[in-house]
Each structure stands twice: as C-alpha cells, then as structure tokens.
Amino acid sequence: MPEKQKQILEKVADAYSNMTEFNKGYMTCLIENNSSGKKGEENHESTGRK
C-alpha cells in the first residue's frame with residue numbers, strides 16, 4: 001500500500017473514534033457503496049457491458 005494511502009487510513013481511524021454513531025454509520029455506508037460500485041464497474045468492463 002502506498003505511503004499516502006497509509007496516512008489517509010491513519011487519519012480516518014483517528015477521526016472515526018471521535019465521531020457520533022450517526023457519522024460512523026454514514027461514513028461506513030459511503031465506503032460500502034463506493035466499494036460495491038467499483039466492483040460493479042470492474043464486472044462491466046470485463047464483460048464489455050455498461
């Protein structure tokens with residue numbers, strides 16, 4: 001993992017412990033939606049569909 005990504009993860013981990021439950025849930029949802037969207041895009045690229 002590149003150094004910049006490690007720094008970002010460290011900052012997020014520090015901030016996460018100070019967030020409200022609502023903000024933790026919101027952030028988790030954003031991450032899950034973004035990662036599932038990327039998987040969908042990869043599948044479309046491999047099949048040639050959009």
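All values reported here derive from a predicted model rather than from experimental measurement. Counting begins at 1 with the first residue of the sequence.
Note that CG of N23 is 11.0 Å distant from CG of N18, once rounded to the nearest 0.5 Å. Taking CG of L9 as the reference point, atom CD of Q7 lies at 10.5 Å (rounded to 0.5 Å). Rounding to the nearest 0.5 Å gives a distance of 10.5 Å between CG of D14 and CE of M19. Rounded to the nearest 0.5 Å, atoms OG (S36) and CD1 (I31) are 12.0 Å apart. Rounding to the nearest 0.5 Å gives a distance of 9.0 Å between NZ of K24 and OG1 of T28.
Under a hydrophobic-cluster definition in which Ile, Leu, Val, Met, Phe, Trp and Tyr are linked whenever side-chain heavy atoms come within less than 4.5 Å, directly or via other members, I8 and Y16 are assigned to the same cluster.
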